[in-house]
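Note that ligands are numbered from 1 as they come in the structure, with each ligand's atoms numbered from 1 the same way.
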Amino acid sequence: MSGAASQLTSATRGEEANGAGISKRDHQLPLLVLGRRADPNSERGVSCTGELPASSDPALVNRAERARTALGDRAFVLGHHYQRDEVIRFADVTGDSFKLARDAAAKPTAEFVIFCGVHFMAESADILTSASQQVILPDLAAGCSMADMATYNQVEECWETLEDLGISDAVIPVTYMNSSADIKAFTGRHGGTVCTSSNAKRALTWALGGGDKVLFLPDQHLGRNTAVLELGMSLDDCVVWDPRKPYGGATPDALRRATMILWKGHCSVHGRFRASNVAEVRSRVPGVNVIVHPECVHDVVLAADYIGSTEKIIATIEQAPAGSAWAVGTELNLVQRLARNNPDKTIVFLDKTVCFCSTMNRIDLPHLVWAMESLADGQVINQITVDPQTAAQARAALDQMLALP
Ligand code: SF4
């Protein structure tokens with residue numbers, strides 16, 4: 001966490017109550033708001049005991065309810081599935097990153113879109129919503145370590161190398177939704193598409209219909225798992241591009257031969273599961289079904305029974321027969337919510353030593369209260385904006401995804 005925790009009071013302390021009932025006294029309570037500024041160097045995975053952090057001060061719930069009422073239809077609160085329960089309870093809709101961005105675009109009457117998720121998601125929402133809507137990220141330090149693993153300059157350098165090798169004309173870039181607006185714009189500029197974990201197979205099939213190779217950004221595991229398990233490629237058809245090494249750590253010949261050039265990025269949460277976790281849970285929970293996210297490493301996916309996007313994991317477990325047992329390899333907040341919402345099934349986390357997503361968890365109740373109270377008081381804070389040129393090019397890649405056959 002960057003800087004020291006600071007005791008902040010609402011920016012409007014001392015102002016008169018507004019029409020929806022936020023009183024002067026409410027604003028005199030200090031909010032402990034951590035991480036008001038982004039610190040890219042802090043967006044790294046950490047170890048934990050497998051437990052979720054304690055919820056924030058429950059007394060803030062009343063304050064959040066009053067601020068939410070004060071904002072009314074002027075605000076639309078989006079909650080990603082990996083968010084804390086204390087935040088999800090105030091979400092108007094929940095979903096994965098793309099569903100939420102589309103939900104926001106389908107609500108043009110909402111002046112403020114409060115995105116309880118991470119930075120790249122808020123950027124996508126800003127790209128897809130109208131110019132009159134303002135997208136708010138309650139904590140600017142809520143980044144994504146995977147998205148940070150592919151910077152604009154690194155990707156441009158990679159592309160220049162592919163040009164020097166004379167193969168860039170045969171390469172179609174495909175970027176996962178979990179990437180910055182800059183990378184989506186790069187992809188749009190070079191005739192590529194965005195994909196999600198739900199439509200990665202369709203995106204790759206489309207891309208390989210237009211080129212001989214794919215540059216897949218930034219998650220090597222989703223790219224590899226989709227290429228090998230869904231499109232029948234071999235591991236030898238894939239080469240990893242390490243942005244810190246000349247030629248990405250490969251050889252010119254390997255780059256010329258490869259069908260999939262996989263950016264060396266990964267998710268700090270899903271990348272920590274191991275195949276040994278699958279073996280361990282099978283011995284511990286008789287008859288257990290193992291379901292994992294495609295951001296997990298290839299060995300884990302091979303050892304599991306099912307692979308699925310966040311939305312597919314939820315649907316699979318909700319539709320599973322009562323009495324069935326599931327070990328789930330995805331983010332801890334979601335797994336614990338699934339366990340609570342499906343008491344007729346046994347649902348366990350795939351590995352107790354894997355962490356919740358530390359950046360998702362930065363959005364806590366104090367930040368949400370701070371954001372909502374500020375907006376209700378006429379002060380726009382933590383607005384996420386994408387410049388028009390970047391937005392237009394990124395939009396082209398997003399539109400291509402929507403047009404995938
Ligand atoms: S779960 Fe992984 S991909 Fe998702 S926001 Fe966290 S670090 Fe990024």
- Nearest protein heavy atom to atom 8 (Fe) of ligand 1, by residue and atom, and its distance? Cys144 SG, 2.4 Å

- Is Cys357 close enough that one of its N/O/S atoms sits under 2.8 Å from atom 8 (Fe) of ligand 1? no

- Please identify which atoms of ligand 1 are closer than 4.0 Å to at least one heavy atom of Asn178. 3 (S)

- Query: Nearest protein heavy atom to atom 2 (Fe) of ligand 1, by residue and atom, and its distance?
  - Reply: Cys267 SG, 2.3 Å

- Query: Do Asp305 and Arg282 have side chains that get closer than 4.5 Å, going by heavy atoms?
  - Reply: yes

- Task: Show the numbers, then the answer: is there a salt bridge (Lys or Arg N to Asp or Glu O under 4.0 Å) between Arg274 and Glu280?
- Result: CA-CA 10 Å; Arg274 292 289 170 263; Glu280 188 277 332; over 6 Å; no

- Would you say the side chain of Thr175 lies within less than 4.5 Å of the side chain of Val155, judging by non-hydrogen atoms? no

- Between Tyr176 and Trp263, is the gap from one ring center to the other below 6.0 Å? no

- Subset of ligand 1 atoms that lie under 4.0 Å from at least one heavy atom of Tyr82: 1 (S)

- Sub-4.0 Å atoms of ligand 1 with respect to non-hydrogen atoms of Ser145: 7 (S)

- Message: Take a 6.0 Å sphere around NZ of Lys107 and say whether it holds more than 12 heavy atoms from other residues, nucleotides or ligands.
- Response: no

